[in-house]
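Written below as structure tokens is the structure these notes are about.
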Amino acid sequence: MKVSFKRFSLLTLSMVLAAILAACSSGAGSGEEEAKPSNQQDAGGPLTKYDPPIKLTSTMNETGKESLASGDTHAKNIWTRGYMDELGIDVSYEWIVPDANYNDKMNVTLASGDLPDVLKVSAVQFEQLYEAGMIEDLTEVYDKYASDLVKEFMSAEDGAGLKPVTKDGKIYAMVSFPGSLDSSDMIWIRQDWLKNVGLEAPKSMQDVIKIAEAFTFEDPDGNGKDDTFGIALNKDLPINAFLLGYHGYLETWIKDASGQVVNGTIQPEVKEGLRELQNLYQKGVIDPEFGVKDFAKMMEDVNAGKSGMFFLPQWAPFQVSSMIKKDKNVDWLPYPVQSIDTEPAKTQNHLSLGGIFAVRKGYEHPEAVVKLLNFQAEKMFGESAKTEREKYLNGLTGLGFHNATVSNLPANKNVKAQDEVAQALKSGDTSGLELEAKLFYDDIMDYRNGNLDKWHMERIFGPESSQAVIKHYRDNDLIVMNEFIYAPTRTMNTKQATLDKLRAETFLKIIYGNLPIDEFENFVANWKKLGGDQITQEVNEIINANK
């Protein structure tokens, strides 16, 4: 979840939460043990129905009407009916707002002290609630009530998803943890252009540069005009996959030789990558107007046939699928990041949470949030999925799970599905495909039979696809994980925006050639002085405290 505090500073919110807690809880801060409310009934097993039903309040962010079945609303839909009919949980929402307004609205709710029973919050909001003592310890109810399926999901990547919400060995929230693999960086290259200029797939960073130059100077589209650029960029500088070729890990916390965690942005490897980008810009390989274009404009140029290479994660085919519908000869292929030297290039992966679901202190049935997760997992991935998945998702491949009060998906499920799909495509045997993999397989076969609308499925889940690149990273130990997986530190909250602006402005000027490459050293010094050193200290303290 992205964090946005437009109405309350963190300090203000902390003070308000603390004041509310002091007023509402006589034992808070005194060392006295608070009396926990006793359940009015036995909650039974993971999916046992409450009888009589219980009430549970929460909040909801709108995901768009297309994710709802006909006649359903965000307040009343297949999920809320299922909760009531099968679990005996009467779910209602205290408010429902668009995604863009959700965090601000939640800040207002937290500051008011009038909390719903289940709180879907950001990492920063979770930390504030925890520090104020306003959320339930869910350790025992998770151990007792979580289904085997949910526990399997939560155990992925050595239980990484639960680590940010675990304090002193106790779990204070449930999470939606998609895994880290889909954050992998890669290089996308127009395959038809590659053939036109007579070059092979890249095997080194030198090859990547050679391809980019050929796409600029050798008329890859064959129109006889000097109207193409090798590399597509925009003002937000999506250059991670390029810098990784120089072993530079932008905005990633990594361990140095001494074991200290440092920020990859200020390391000398990043400087070397910027040096080559500056060189390519001066040669004309990069659009001279990229610094004033946003992502949408960059992709508009790509779709217009102006560039033949860009750096995006596994979902990139969605951005260029319209090209294939217009001209079936157009094709894009993803490639792993490439190295400038003999040391293998690695991708950088980040742990992100799709949601944090806490329970307000004093709610009578804290186990209910676990049961709601059990229910969603069962309808999408359990035995029930065989007959009920379609109606709960508003179509087998729909987005209806966003309308569940709480939800989680199997971590890194996409790369697992790709492996199954690739084997089935090779053997022709689909008997071993799980439900989602079979859907992906069918879409790919649909594309191969002439439906260009399904090209993106070939490039995400087929043999030559983004998920195949991710599998390559995973199987060959080519992943550097961000060491910092926790909520932003105190100084991050006050200084990170300044540091981000400093980085963006300096790197842009370096690439443009308005600053010499050696200005990187001044950037590093300013980064440290403007809060970077303090943030580094806080990051190490938090990591060491959670070992």
Side-chain angles (χ1 to χ4, degrees), residues 1-3 5 9-11 13-15 17-18 21 28-31 33-34 110 119 121-140 142-143 154-177 179-180 183 249 251-267 348-353 355-359 361 411 479-496 499 527-528 530-547:
M1 265 186 205
K2 293 183 179 178
V3 178
F5 274 80
S9 70
L10 291 176
L11 179 60
L13 186 55
S14 297
M15 293 173 65
L17 289 172
L21 181 64
S30 65
E33 199 165 311
E34 296 180 41
L110 298 184
L119 296 131
V121 293
S122 69
V124 170
Q125 291 162 346
F126 166 79
E127 290 292 334
Q128 295 296 324
L129 286 164
Y130 169 74
E131 291 294 334
M134 298 183 74
I135 51 178
E136 286 283 347
D137 173 0
L138 301 180
T139 310
E140 291 184 12
Y142 173 72
D143 290 341
M154 295 293 185
S155 67
E157 297 192 26
D158 195 29
L162 286 175
K163 289 180 181 178
V165 296
T166 300
K167 308 288 185 180
D168 297 324
K170 296 181 178 180
I171 301 169
Y172 283 89
M174 295 291 97
V175 298
S176 172
F177 176 50
S180 65
S183 66
Y249 301 101
E251 295 307 317
T252 298
W253 293 93
I254 57 176
K255 286 184 178 179
D256 64 12
S258 69
Q260 175 88 352
V261 175
V262 297
N263 195 291
T265 303
I266 62 171
Q267 305 309 311
Q348 57 185 40
N349 284 3
H350 300 267
L351 185 154
S352 61
L353 298 179
I356 298 176
F357 312 109
V359 176
K361 193 78 168 179
I479 296 172
V480 172
M481 276 298 299
N482 191 337
E483 295 286 338
F484 189 69
I485 63 174
Y486 305 96
T489 72
R490 183 179 296 104
T491 306
M492 281 181 187
N493 287 317
T494 58
K495 300 293 186 180
Q496 190 64 55
L499 298 180
W527 185 92
K528 291 182 175 183
L530 293 173
D533 275 346
Q534 182 61 34
I535 290 173
T536 301
Q537 179 181 331
E538 292 169 357
V539 163
N540 279 274
E541 288 173 352
I542 292 172
I543 290 174
N544 291 332
N546 284 277
K547 284 183 178 178

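As the structure is a prediction and not an experimental result, all values here were calculated from the model.
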Does [Y] offer a backbone N or O that forms a donor-acceptor pair with the side chain of [X] under 3.5 Å?
X: E538; Y: T491; value: yes
X: T139; Y: I171; value: yes
X: D158; Y: A160; value: no
X: Q125; Y: S122; value: yes

Taking the side chain as every heavy atom from C-beta outward, state whether V165 and M174 have any pair of such atoms under 4.5 Å apart.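 Not touching, per the 4.5 Å side-chain cut-off.
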Rounded to the nearest 0.5 Å, how far apart are [atom1] of [X] and [atom2] of [Y]?
X: N263; Y: L499; atom1: CG; atom2: CG; answer: 8.5 Å
X: N540; Y: T489; atom1: CG; atom2: OG1; answer: 11.0 Å
X: K528; Y: Q534; atom1: NZ; atom2: CD; answer: 14.0 Å
X: Q260; Y: Q537; atom1: CD; atom2: CD; answer: 9.5 Å
X: L351; Y: Y486; atom1: CG; atom2: OH; answer: 9.5 Å
X: L110; Y: Q128; atom1: CG; atom2: CD; answer: 8.5 Å

Could you give me the CA-CA distance, side-chain angles and deciding distance for D137 and Y172, then say whether side chain to side chain contact (heavy atoms under 4.5 Å, CB included) is met? CA-CA 5 Å; D137 173 0; Y172 283 89; 3.9 Å; yes
State, to 0.1 Å, how close [X] and [Y] come at their nearest heavy-atom pair, and which atoms those are.
X: A156; Y: A411; answer: CB-CB, 3.4 Å
X: V261; Y: W253; answer: CG1-CB, 3.7 Å
X: I254; Y: E483; answer: CA-CG, 4.1 Å
X: H350; Y: T252; answer: CE1-OG1, 3.2 Å
X: Q496; Y: I535; answer: OE1-CD1, 3.9 Å
X: A173; Y: I356; answer: CB-CG2, 3.7 Å

Side chain to side chain contact (heavy atoms under 4.5 Å, CB included) between N349 and N482, worked out: CA-CA 6 Å; N349 284 3; N482 191 337; over 6 Å; no
Step by step, work out the side chain to side chain contact (heavy atoms under 4.5 Å, CB included) result for Y249 and Q267. CA-CA 8 Å; Y249 301 101; Q267 305 309 311; over 6 Å; no
More than 12 heavy atoms of other residues, nucleotides or ligands under 6.0 Å from CG of D256: yes or no?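 Above 12, so yes.
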Evaluate the criterion side chain to side chain contact (heavy atoms under 4.5 Å, CB included) for residue pair L353 and F177; output intermediate values, then yes/no. CA-CA 5 Å; L353 298 179; F177 176 50; 4.0 Å; yes
Over 60° means perpendicular and under 30° means parallel, so classify the ring planes of Y130 and F126, tilted if in between.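 Answer is parallel, since the angle falls under 30°.
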K167/E131 salt bridge by N-O under 4.0 Å criterion: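 Judged by the 4.0 Å cut-off on N to carboxylate O distance, E131 and K167 do not form a salt bridge.
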